[in-house]
Amino acid sequence: MTRPENTRIHILNGPNLNLLGKREPEIYGARTLADIEADSIALGRDLGLDVALFQSNHEGGIVDQIHDAREVAAGIIINPAAYTHTSIAILDALNMFDGPVIEVHISQVHKRETFRHHSYVSLRADAVIAGCGTHGYTLALHHMAQLLNDA
Ligand code: DHK
């Protein structure tokens, strides 16, 4: 495998994900966003990726984080949370990002309410992971490493 030049990966998280661990644990699990951040940074080191995690409860905050990623990141892993189902602004921002985009949902959104079945972000995402719990972030990082090594 050839090593990509830029190994920076941004993991972006939308509204209410700051309360992971406390928020509906029967749906979203017991792990906190800080746990996910620590696990992702450690796994990133093993995979040769320089991982940074961000979260915002605001649509514009996520758009700004995507703009920032344009400048420095080789790939984006994004759980837009509720904005998945509503945000054309986040889709438009992702459409201006050149690298791979992986969409993650902790829950199996297709087994839930019908309003969670549609994703604007999926129109841009290169891969979608749903229903694997917080392990979905781990799966996304492995796939991101593969995509960058294959590029
Ligand atoms: C997280 C949310 O906050 C919901 O609004 C989405 C997603 C599903 C998740 O499963 O990670 O509908």
Side-chain angles (χ1 to χ4, degrees), residues 7-47 49-70 72-148:
T7 59
R8 177 112 176 140
I9 304 302
H10 285 193
I11 302 180
L12 309 183
N13 291 279
N16 302 308
L17 294 173
N18 55 311
L19 291 181
L20 280 180
K22 294 182 187 143
R23 172 195 187 198
E24 298 176 280
E26 66 287 0
I27 297 176
Y28 297 104
R31 297 186 71 69
T32 67
L33 199 60
D35 294 333
I36 293 167
E37 181 176 36
D39 290 353
S40 299
I41 290 170
L43 175 61
R45 269 191 215 114
D46 292 345
L47 294 170
L49 301 175
D50 169 22
V51 175
L53 185 142
F54 304 88
Q55 190 272 335
S56 176
N57 288 322
H58 307 280
E59 186 175 20
I62 299 167
V63 169
D64 287 342
Q65 288 167 0
I66 296 166
H67 292 178
D68 292 345
R70 269 167 56 82
V72 294
I76 290 177
I77 294 169
I78 183 165
N79 182 349
Y83 289 133
T84 304
H85 319 297
T86 62
S87 180
I88 298 168
I90 289 174
L91 171 63
D92 285 349
L94 288 170
N95 278 334
M96 292 187 286
F97 180 77
D98 286 334
V101 173
I102 303 178
E103 178 181 351
V104 171
H105 303 290
I106 295 166
S107 64
Q108 211 299 48
V109 282
H110 300 287
K111 257 174 113 173
R112 300 181 65 193
E113 303 96 323
T114 49
F115 63 81
R116 295 186 205 274
H117 296 182
H118 177 261
S119 166
Y120 283 101
V121 170
S122 290
L123 290 167
R124 168 62 181 86
D126 299 295
V128 182
I129 296 168
C132 300
T134 53
H135 184 57
Y137 292 91
T138 303
L139 296 172
L141 276 169
H142 278 282
H143 188 57
M144 184 62 78
Q146 188 74 53
L147 289 175
L148 293 178

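Start at 1 and go down the list; that is how both ligands and their atoms are numbered.
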**Q** Mind checking whether Tyr83 has a heavy atom under 4.0 Å from ligand 1?
**A** no

**Q** Should Asn79 be counted as touching ligand 1, given the test is an N or O pair under 3.5 Å?
**A** yes

**Q** I need the nearest protein heavy-atom contact for atom 2 (C) of ligand 1: residue, atom name and distance, please.
**A** Tyr28 OH, 3.4 Å

**Q** If we set the cut-off at 4.0 Å for heavy atoms, which region of Arg116 has an atom near ligand 1: side chain, backbone, both, or neither?
**A** side chain

**Q** Starting from atom 6 (C) of ligand 1, what is the nearest protein heavy atom, named by residue and atom, and what distance separates them?
**A** His85 NE2, 3.5 Å

**Q** Just checking, any donor-acceptor pair under 3.5 angstrom between side chains of Ser119 and Glu103?
**A** yes

**Q** Within the side chain of His117, is there an N or O that forms a donor-acceptor pair under 3.5 Å with the backbone of Arg112?
**A** yes

**Q** Do any heavy atoms of Thr84 fall under 4.0 Å from ligand 1?
**A** no

**Q** For Val101, which of Asn95, Leu12, Leu94 qualifies under side-chain contact (heavy atoms from CB on, under 4.5 Å)?
**A** Leu94

**Q** Which residue holds the protein heavy atom closest to atom 3 (O) of ligand 1, what is that atom called, and what is the gap in Å?
**A** Arg23 NH2, 2.8 Å

**Q** Examine ligand 1 and decide if any of its atoms is less than 4.0 Å from a heavy atom belonging to Val109.
**A** yes

**Q** Which residue, Ile41, Ile77, Ile102, forms the side-chain contact (heavy atoms from CB on, under 4.5 Å) with Leu141?
**A** Ile77

**Q** For ligand 1, find out whether one of its N or O atoms is nearer than 3.5 Å to an N or O atom of Ser107.
**A** yes

**Q** For atom 11 (O) of ligand 1, state which one of Val104, Asn16, Asn13, Ile106 supplies the nearest heavy atom.
**A** Ile106

**Q** Whether the side chain of Gln55 engages the backbone of Gly14 through a donor-acceptor N/O pair (distance < 3.5 Å, no angle test) should be reported.
**A** yes

**Q** Which atoms form the tightest heavy-atom contact between His10 and Val72, and what is the distance?
**A** CE1-CG2, 3.6 Å

**Q** Arg124 side chain to Phe97 main-chain N or O, any donor-acceptor pair under 3.5 Å?
**A** yes

